[in-house]
Trainee: 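Got a structure here, written out as structure tokens. Questions coming.
Chain letters run A, B, ... following the sequence lines, proteins first, then strands; residues in each count from 1. Just so it is clear, the values below take in all heavy atoms, side chains as well, and ignore hydrogens, waters and symmetry mates.
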There are 2 protein chains.
Amino acid sequence: MHKEHTLTKNQQIIFDLIDKSPEPMKAYSILFSVQKKGIKAPLQVYRALDKLVEIGKIHKIESRNAFIACHNSSCQVSKATAFSICEICEKITEISSASLSKYLANFKDKDGMKYSKYNLEFFGLCKKCR
Amino acid sequence: MHKEHTLTKNQQIIFDLIDKSPEPMKAYSILFSVQKKGIKAPLQVYRALDKLVEIGKIHKIESRNAFIACHNSSCQVSKATAFSICEICEKITEISSASLSKYLANFKDKDGMKYSKYNLEFFGLCKKCR
DNA sequence: ATTTAAATTGTTATAATATAACACCATGTA
DNA sequence: TACATGGTGTTATATTATAACAATTTAAAT
Ligand SMILES: [Zn+2]
Ligand SMILES: [Zn+2]
Ligand SMILES: [Zn+2]
Ligand SMILES: [Zn+2]
């Protein structure tokens, strides 16, 4: 389904960090964490992040300026993403619902336009915080 | 349906500017525009923006860090918003579709959780750019 | 093998976006 | 009056992100 990309050194270091983080990571927190591995400048982080987003290995949570690893193989190509965000503990989960993605992919606006790319962020309280 | 708020001077100046702008405005572009009216500091702008977002008079386009006036009376309370964004000309339109908002308000995640707040951004090409 | 193009890296500097902290003022209300 | 709430003005600072340039690596294309 989705093309494999061989990650470069910086990309791999940063992906591994995000992938094993239990919560979304912000760019400068990533920078701080990888400085011991020789990545010293913001640009090195942002370049890796851009590439990882582009190839679908991570997603950016726009409302939080944070990044999480993708665990949903079906969204790697489409850039059609949905998340739930807890407004108390900031727990963020990627939603992979076939019916949701089908509904959104087929949604037509008032001009009859359909969209293959979208980003949806739901806000509420997670199980633990309710 | 939605409560009226009396805007303060700064809020009114900034709302009027955004409301009559044909495109979303960014905070520092707003700041530049209102300096002749005595609003000199970023914080004055951000405070007005925060309040205007809170009461639903404007929305923030998260992926663009920009603000547009709301022209959809039904979303002022709910903070349940949807936009279409043209990836070429950056034209942004608020979508007010009863079926979409109904679908999203009734969507249940895998834990059976429903969300009253959400933000959806569709990306594609507008009529003119196709 | 040699050349070429594309992608990635390293680096310094700077731009763009957003908030902290504090003093003061206006308005409503107990 | 006294008090609470919210808005304002101001300076300083934090956070997020990109520009510009040179060097290096990688992967074809000849
Ligand atoms: Zn994903
Ligand atoms: Zn929570
Ligand atoms: Zn609206
Ligand atoms: Zn367009």
Side-chain angles (χ1 to χ4, degrees), chain A residues 3-18 21 23-68 83 85 87 90 92 119 121, chain B residues 3-18 21 23-68 83 85 87 90 92 119 121:
Chain A
K3 196 167 155 200
E4 281 305 324
H5 290 261
T6 309
L7 301 184
T8 65
K9 185 168 125 296
N10 287 0
Q11 289 161 12
Q12 189 70 56
I13 290 169
I14 287 172
F15 175 72
D16 288 344
L17 180 68
I18 296 171
S21 168
E23 59 211 14
M25 296 197 73
K26 312 197 107 197
Y28 276 72
S29 146
I30 293 168
L31 175 59
F32 180 80
S33 293
V34 298
Q35 273 175 334
K36 59 180 81 76
K37 305 212 170 179
I39 296 175
K40 291 183 202 154
L43 203 41
Q44 295 173 283
V45 172
Y46 280 104
R47 285 197 284 226
L49 289 173
D50 286 349
K51 190 70 184 181
L52 291 166
V53 166
E54 183 192 326
I55 66 182
K57 301 282 288 180
I58 65 172
H59 301 300
K60 182 175 187 182
I61 309 298
E62 293 288 354
S63 66
R64 299 298 188 264
N65 298 318
F67 299 85
I68 66 172
F83 305 93
I85 303 176
E87 290 180 301
E90 290 293 318
I92 298 184
N119 180 55
E121 299 180 4
Chain B
K3 195 168 153 200
E4 282 305 324
H5 289 262
T6 309
L7 302 184
T8 65
K9 186 168 125 294
N10 288 0
Q11 289 163 11
Q12 189 69 58
I13 289 169
I14 287 172
F15 175 71
D16 287 344
L17 181 67
I18 297 170
S21 167
E23 62 212 11
M25 295 196 74
K26 313 197 106 197
Y28 276 73
S29 145
I30 292 167
L31 174 58
F32 180 81
S33 294
V34 298
Q35 274 175 335
K36 59 180 81 73
K37 303 212 172 179
I39 296 175
K40 292 183 201 154
L43 243 198
Q44 296 174 283
V45 172
Y46 280 103
R47 286 197 283 224
L49 290 173
D50 285 351
K51 191 68 185 181
L52 291 167
V53 166
E54 184 193 328
I55 64 181
K57 301 280 290 181
I58 65 173
H59 301 302
K60 182 174 186 182
I61 309 298
E62 293 288 355
S63 67
R64 300 298 189 263
N65 298 317
F67 300 86
I68 65 170
F83 304 94
I85 302 176
E87 288 180 300
E90 290 292 319
I92 299 183
N119 180 54
E121 298 180 4

Trainee: For DNA chain D, whose closest nucleotide is more 5', that of A:Arg47 or that of A:Phe67?
Mentor: A:Phe67
Trainee: Please lay out, stage by stage, how B:Ser63 and A:Lys60 fare under the test side-chain contact (heavy atoms from CB on, under 4.5 Å).
Mentor: CA-CA 10 Å; B:Ser63 67; A:Lys60 182 175 187 182; over 6 Å; no
Trainee: Quick one: is A:Tyr46 getting a side-chain N or O under 4.0 Å of the D:dT18 phosphate, OP1 or OP2?
Mentor: no
Trainee: Under the side-chain contact (heavy atoms from CB on, under 4.5 Å) criterion, do A:Val45 and A:Asn10 qualify, and how do the steps go?
Mentor: CA-CA 8 Å; A:Val45 172; A:Asn10 287 0; over 6 Å; no
Trainee: Could you check which residues of residues 23-32 of chain A get a heavy atom under 4.0 Å from DNA chain D? Sort them by number, please.
Mentor: A:Lys26, A:Tyr28
Trainee: For B:Phe15 versus B:Lys57, what's the shortest heavy-atom pair and its separation?
Mentor: CE1-O, 3.5 Å
Trainee: List the residues meeting salt bridge (Lys or Arg N to Asp or Glu O under 4.0 Å) with A:Glu90, not counting sequence neighbours, and say none if there are none.
Mentor: A:Arg64
Trainee: Between atom CD in B:Glu54 and atom C1' in D:dT5, what is the gap in whole Å?
Mentor: 13 Å
Trainee: Separation of B:Lys40 atom NZ from D:dA12 atom P, in whole Å?
Mentor: 15 Å
Trainee: Give a yes/no on whether any side-chain N or O of B:Gln44 is located under 4.0 angstrom from OP1 or OP2 of D:dG9.
Mentor: yes
Trainee: Please report the distance, rounded to the nearest Å, between CD in B:Glu62 and C1' in D:dT16.
Mentor: 14 Å
Trainee: Phosphate oxygens OP1/OP2 of D:dA17: is one of them under 4.0 Å from a side-chain N or O of A:Lys60?
Mentor: yes
Trainee: Between B:Ile14 and B:Ile58, is there a side-chain heavy-atom distance shorter than 4.5 Å?
Mentor: no
Trainee: To the nearest Å, how far apart are B:Ile39 CD1 and D:dG9 P?
Mentor: 7 Å
Trainee: Students should find this one: the first and last nucleotides of DNA chain C, 5' to 3', lying under 4.0 Å from a heavy atom of chain B. What are they?
Mentor: C:dT17 to C:dA21
Trainee: Does the side chain of B:Ile13 come within less than 4.5 Å of B:Leu17's, by heavy atoms?
Mentor: no
Trainee: To the nearest angstrom, how far is B:Asn65 atom CG from D:dT18 atom C1'?
Mentor: 13 Å
Trainee: Looking only at atom types and distance, does a side-chain atom of B:Gln11 sit under 3.5 Å from a main-chain N or O of B:Thr8, one as donor and one as acceptor?
Mentor: yes
Trainee: Considering only residues two or more places apart or on different chains, which pairs with a residue in residues 23-52 of chain B satisfy salt bridge (Lys or Arg N to Asp or Glu O under 4.0 Å)?
Mentor: B:Lys51-B:Glu54
Trainee: Can you check whether B:Ile30 reaches B:Ile39 side chain to side chain, under 4.5 Å on heavy atoms?
Mentor: no
Trainee: Compute the bend angle of the helix from C:dA1-D:dT30 to C:dA30-D:dT1 from the end axes (five pairs per end), rounded to 10°.
Mentor: 30°
Trainee: Tell me every residue that passes side-chain hydrogen bond (donor to acceptor under 3.5 Å, both in side chains) with A:Asn119, counting only those two or more places apart in sequence or in another chain.
Mentor: A:Thr81, A:Glu121
Trainee: Go through it in stages, so that I can follow the logic: the residues are A:Ile61 and A:Phe67, the test is side-chain contact (heavy atoms from CB on, under 4.5 Å), and I'd like the CA-CA distance, side-chain angles, deciding distance and then a yes or no.
Mentor: CA-CA 6 Å; A:Ile61 309 298; A:Phe67 299 85; over 6 Å; no
Trainee: Starting from C1' on D:dA20, measure out to CG on A:Leu43 and report it in whole angstrom.
Mentor: 10 Å
Trainee: Looking at B:Asn10, I'd like to know whether one of its side-chain N or O atoms comes within less than 4.0 Å of OP1 or OP2 on D:dG9.
Mentor: yes
Trainee: Can you measure B:Asp50 atom CG to D:dG7 atom C1' for me and round it to whole angstrom units?
Mentor: 13 Å
Trainee: Hey, is the main chain of B:Ala41 close enough, under 3.5 Å, to the side chain of B:Gln44 for a donor-acceptor pair?
Mentor: yes
